[in-house]
Structures are given as C-alpha cells and as structure tokens.
Number of protein chains: 2
Amino acid sequence: MTIHFSEGLIASPMFSGLAPKSVERLMRVARPVRFRRGENIFLHQSRADCCYVILSGWVKLYRVTPNGNEALVRMHSQFETVGFCDGLRDQVHSYGAEAASICRLLSLPTAEIRALAAEDQEFASRLLAHTLSALEQMFDQVESLKTQTAIQRVAAFLLRHARRVEGRTVVELPFEKSLVAAHLGIKPESLSRVLARLKAHGLALNQSEIEVVNRDLLEGVIRSDPADAWA
Amino acid sequence: MTIHFSEGLIASPMFSGLAPKSVERLMRVARPVRFRRGENIFLHQSRADCCYVILSGWVKLYRVTPNGNEALVRMHSQFETVGFCDGLRDQVHSYGAEAASICRLLSLPTAEIRALAAEDQEFASRLLAHTLSALEQMFDQVESLKTQTAIQRVAAFLLRHARRVEGRTVVELPFEKSLVAAHLGIKPESLSRVLARLKAHGLALNQSEIEVVNRDLLEGVIRSDPADAWA
DNA sequence: CGTTAGGTTGAAAAGCATCAACCCGTGTGG
DNA sequence: CCACACGGGTTGATGCTTTTCAACCTAACG
C-alpha cells in the first residue's frame, strides 16, 4: 500500500531523484486523500498546512473575486503538485483548489517539506527549478490572454492537446468544456461558437469528437492578425 | 564607486541580508550598465548569461508573438531583479527586456549567482521565496485579466498607485500611458476612453493630472458586476 | 516655426457576453 | 418501462465592450 503511494511520489517531477531515505521520511507523514468531483480541497486564504501530489484526476486552482466571479487560474493533473506555492512560505493559500474530477491525492505536511528542503540542497534546488518553470507557464498564459483572441487561444489549445490515433489527429478534451472555456478565459457559449467557426479552418466536429483535419489551416488561424479576415 | 553600487545591491530584496563576504564576491563580478529609453537589454531566446538588479528607472519585460504582436508581461523598477527566471536555470531568456526609461542596472553573471546559491543556503531559500512571490503576482495578473473588464482593471490600477499629496489623492502614472495600457492588456485609445468614463465615478482629470475625488465610487466600479449598469 | 511623439476623439466594426430557449443523453422514481 | 428532471452543451437575438482606422490636438524640441 505504502509502496504504491510512494511510487506516485517519485513519479512526480518535483520529488523524482529524491534519496530513498528522504522518500521514506516523507511517506511516513504522507496521507492519501480522495475527492469527488466538485469537492473542495482547500480554500483561498486558508492556512497552507498541506501540499499535495496528484496521483490521479484533475485539480483546478481558482480565485473568487469580491463580486463573486470565479477565475480559473490553472489546471493540474497526474504527478503535478498543488499548494506548494504558499506552503513553502508558511503562508495562507493564494488560491483555492477543487477537484475537477474524481481524484486521488497524496497530502504532505508543509512543515516536513520545508524541513527537507533545508537539509537536502539538491531537493531545494529542484524546488526552485520547479517554481521557475511554473512562473514561465504563467508568462505563457498572460501572453496568450493579452495578445490572442478567443479563437486563437482555442486553436492553440486544440493543437497542444491533439494526438495521433489510428492515423487521425484527434483532440480529446482533458476536462469538460465549461472548464476548458474558463481555462481559456471565455464563456462556455463562446467556446461552443468558436469551435463551430473553426470548422472552416481545419477542424471537424463529429458528435463530441474533435478532429484536426488540416493542421496548417489551424496554425494559420493562430498566426494571422485579427485584422486580416479569416471569416 | 563600488560602494555605491553595492548599496544598490543590498537594497534589493533579493540580496538584502547577504553576508558582507558574499556581497563583496558579487561586486567583484558585477558591472554597472546604462540604457536609454527604448534600448534593448536582452532579447527573448538569447542566452541568460547575466541577471540584473535595477538601480534606477523602469524595465519592461515583453514577448513578441509570431505575428508580430507584443505582449507586455511585467514592468520592473528600482531594486527589483530582472532576468533571474532563466538565468538560475542556465537557459535562454523566456522574455525580452527593454528599458522603458533611462535606467541604470547592475549586471551579474548568472554563473556566479548559481554558485553562490549552491554554497549559501540562506540565499538559496531567499531566491525561492522571491520566485514564489513573483509567481503569486502572476496569479493576480491572470485573475484580473480573466475576471475584470478594462474599466475595472484601470480603476484598480489607479487605486493601487494613488498617493495622498497635500490633502488630495493624486495618481502619478509610473510610466507613459501607452505602457500603462499595455500593462493592463488594452489599447492606448481604450485607456483614454476609460479614463474619460471614470470621470463619472470619482475621478478628476485636470490636464494630465489624475485625481481620485471619491475613492468609494471608484472602488464601487471594481466591485460591481459588468451586468449592473454603471453607465 | 515646422516637426514629431504621445495622447485624444469620432465613427464603424469586430469580438464577446448575456439571456433565454432548446437539445440530448443519463439517471431516477413512480 | 416510461415520464420526468437534470446537467452539460448548443443556438439565436441582442447589446455592451473593445478594437480599428483615421483625423486631430498639443506640448516639446530642434
């Protein structure tokens, strides 16, 4: 049982390469947790006592604005880590986390993580590298929000998630459409319309299956200026 | 001379509290550099050989998209650091940097920074904390881009930069309006119009001077839903 | 005193949200 | 087994928001 979870731990980029002794030490305080879809993992502004490694499923990080709007900040999946951002600083969470699907997590006390980082130089530097790459991903997101239109963001998202299956290039949406929309900073209705518009640009929609028929055309949508009419 | 620059170094949150010995070590390899407004500091995708501490002036971090659009990712000012994000990982810069005003920087070889971080545990942990807070700021930015309209982002920006001067609450824009616009993810024309619209919501514009006449009204703009008509 | 960069203004169009209706597959209780 | 409700998704009509393009203004400067 414990072996099973520790495999999840070391499969996570953040903890892979950790000395067996350290792994064992973490596993002594690690607790497996399950959440149903929609269940709250932790709240914005709550104390960051625990960090999590995702063993399976999807977790959404979000913020709620004063007027009740919700902003989806990031989505995380298997072997990614959640809640470290504030846990490492012994602060309150700067976002809320919610299960976007059934998911299993490994909860780790932040105190133990900090202690380990203080002792294990190698681990500390991995934490830093990990944080830096998270930062870079946020740069990507800001760039796309500031320079791309909704249709371009959708096209880019589809291309990122397109996989070749039996000779066809198919996009399996990693989570429900309403979450995809929130992730891209648009409303579900707009996503629906945008997908319909992309049928003229290399996309095929056959009852809930999305297929990239012409990759070049789709990439063209991303490249082209909004000014030029791809209408 | 060297003393002068080292004062700038230790005034930076990232390096304050560094052992005098380490400061001296860094100052041996540090080089002061000057840039005129608009000059390039480093290019996106160039090797991150140097990191910078800002001694004076403003630096903008930006990205250029394939189709030639530019996204302003962040603005940095005195005693903030620039270029560490990639320098610490020995990678290429994930954004370009340009002087937004005349500015003086202190350039530090990334190799030396990495060596110092490897030796000085305290410094390494400060680097991590610094990166985590940068990450949190990016969360803020994404949140505001995804949930607030242009007028709300402008109002929030004005309130953040409002200072009491001689009994009045005045906003001195930290940099030119076109940069403010880019920073908020809108076009200069839109910023101009939004400022005009905010005259009905607690803002006064007297020939290039911006005054917050009614703070509550402005905060109301941020709180209110787009649905409700504050027209 | 003309030039220029930064900013403003206007009219028109594009982009996206909103609200409401509708569709459809799934599950549930009578 | 069927009617029904429900969640997720789509579609249409409409309106607000923001961009675009162009003209114009104005303070700074050679």
Side-chain angles (χ1 to χ4, degrees), chain A residues 36-38 65 67-71 100-101 144-155 173-199 201 203 205-210 221-222 224-231, chain B residues 36-38 58 60 67-71 100-102 144-155 171 173-201 203 205-210 221-222 224-231:
Chain A
R36 289 174 213 289
R37 161 231 182 83
T65 61
N67 59 41
N69 277 333
E70 181 180 308
S101 68
S144 89
L145 286 171
K146 282 190 181 169
T147 63
Q148 296 188 306
T149 64
I151 197 170
Q152 291 176 310
R153 293 201 296 272
V154 172
L173 294 183
F175 30 80
E176 341 160 25
K177 281 189 180 164
S178 55
L179 282 174
V180 173
H183 177 245
L184 298 172
I186 59 177
K187 300 292 160 193
E189 296 96 324
S190 296
L191 175 58
S192 188
R193 280 183 242 276
V194 162
L195 284 175
R197 283 183 63 190
L198 283 175
K199 282 198 278 195
H201 300 277
L203 205 71
L205 305 173
N206 314 314
Q207 64 216 7
S208 90
E209 196 217 45
I210 303 177
V221 170
I222 300 174
S224 68
D225 246 289
D228 314 339
W230 16 267
Chain B
R36 290 175 212 289
R37 164 230 180 83
W58 285 89
K60 80 169 187 200
N67 59 42
N69 277 334
E70 181 182 307
S101 67
I102 292 187
S144 88
L145 286 170
K146 281 190 181 170
T147 62
Q148 296 187 307
T149 64
I151 197 170
Q152 291 177 311
R153 294 200 295 272
V154 172
V171 183
L173 295 182
F175 30 78
E176 340 160 25
K177 282 191 181 163
S178 56
L179 282 175
V180 173
H183 177 243
L184 297 172
I186 59 178
K187 300 292 162 195
E189 296 96 324
S190 296
L191 175 58
S192 188
R193 282 184 242 275
V194 163
L195 285 176
R197 284 183 62 190
L198 283 176
K199 281 199 277 194
H201 299 277
L203 205 69
L205 306 173
N206 314 314
Q207 64 213 9
S208 92
E209 196 218 45
I210 303 177
V221 170
I222 300 173
S224 67
D225 245 290
D228 314 339
W230 16 268

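Every chain is numbered from 1, with letters handed out A, B, ... down the list of sequences.
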**Student:** Ser192(A) side chain: which of dA17(C), dT19(D), dT10(D) is closest?
**Tutor:**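 Between dA17(C), dT19(D), dT10(D), the one nearest the side chain of Ser192(A) would be dT10(D).
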**Student:** Of all the choices, dT18(C), dT9(C), dT19(D), which nucleotide is nearest to the side chain of Lys187(A) once you look at every atom?
**Tutor:** dT18(C)
**Student:** Please list, chain by chain and in numerical order, all residues satisfying side-chain hydrogen bond (donor to acceptor under 3.5 Å, both in side chains) with Glu189(A), sequence neighbours excluded.
**Tutor:**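 Per chain and number, Glu189(A) pairs via side-chain hydrogen bond (donor to acceptor under 3.5 Å, both in side chains) with no residue.
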**Student:** Both Arg37(B) and Ala196(B) contact DNA chain C. Which one's nearest nucleotide lies toward the 5' end?
**Tutor:** Arg37(B)
**Student:** Under 4.0 Å, heavy atom to any atom of DNA chain C: which of residues 175-183 of chain A qualify?
**Tutor:** none
**Student:** Minimum heavy-atom separation for Gln148(A) and Ile222(A), please, with both atom names.
**Tutor:** NE2-CG2, 3.4 Å
**Student:** Where along nucleotides 23-30 of chain D does protein come under 4.0 Å, by heavy atom, of base (B) or sugar-phosphate alone (S), with - for untouched nucleotides?
**Tutor:** --------
**Student:** Tell me: CD of Gln152(B) to P of dC16(D), nearest whole Å?
**Tutor:**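 Result: 16 Å.
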**Student:** Once you round it to whole Å, what is the distance between P of dA14(C) and CD1 of Ile151(A)?
**Tutor:**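 About 14 Å, once rounded to whole Å.
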**Student:** Which pairs, protein N/O on one side and nucleotides 22-26 of chain C N/O on the other, fall under 3.5 Å?
**Tutor:**
none

**Student:** Quick one: pull up OG in Ser178(A) and NZ in Lys187(A) and give me the separation to the nearest 0.5 Å.
**Tutor:** 11.0 Å
**Student:** Could you tell me which non-hydrogen atom of Ala100(B) sits nearest to which non-hydrogen atom of Leu179(B), and how far apart they are?
**Tutor:** CB-CD1, 3.8 Å
**Student:** For Glu209(B), check side-chain hydrogen bond (donor to acceptor under 3.5 Å, both in side chains) against everything at least two apart and list the hits.
**Tutor:**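 For Glu209(B), the residues satisfying side-chain hydrogen bond (donor to acceptor under 3.5 Å, both in side chains) (neighbours in sequence not counted) are Arg168(B).
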**Student:** When rounded to the nearest 0.5 angstrom, what is the spacing between OG in Ser190(A) and CD1 in Ile151(A)?
**Tutor:** 11.0 Å
**Student:** Distance from Gln152(B) atom CD to Ser224(B) atom OG, nearest 0.5 Å?
**Tutor:**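 Between atom CD of Gln152(B) and atom OG of Ser224(B) there are 5.5 Å.
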**Student:** Classify Ile186(A) by what it touches in the nucleic acid, base, sugar-phosphate, or nothing, heavy-atom distance under 4.0 Å.
**Tutor:**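 Answer is sugar-phosphate: Ile186(A) comes under 4.0 Å of backbone atoms only.
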**Student:** Could you grab the distance from atom CD1 of Ile210(B) to atom NZ of Lys177(B), nearest 0.5 Å is fine?
**Tutor:** 5.5 Å
**Student:** Just jot down the side-chain hydrogen bond (donor to acceptor under 3.5 Å, both in side chains) partners of Thr65(A), sequence neighbours excluded, or say none.
**Tutor:** Asn67(A)
**Student:** Could you check whether any side-chain N or O of Lys146(B) sits under 3.5 Å from a backbone N or O of Ile186(A), counting only pairs where one atom can act as donor and the other as acceptor?
**Tutor:** no
**Student:** Once hydrogens and angles are ignored, does a donor-acceptor distance under 3.5 Å link the base of dG7(C) to the side chain of Arg193(B)?
**Tutor:**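 It does not, because no donor-acceptor pair links the side chain of Arg193(B) to the base of dG7(C) below 3.5 Å.
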**Student:** State whether Glu70(B) and Lys60(B) are salt-bridged, where the test is any N-O pair (Lys NZ or Arg NE/NH1/NH2 against Asp/Glu carboxylate O) under 4.0 Å.
**Tutor:** yes
**Student:** With a 3.5 Å cut-off and just heavy-atom distances, do the side chain of Arg197(A) and the base of dG15(C) make a donor-acceptor pair?
**Tutor:** no
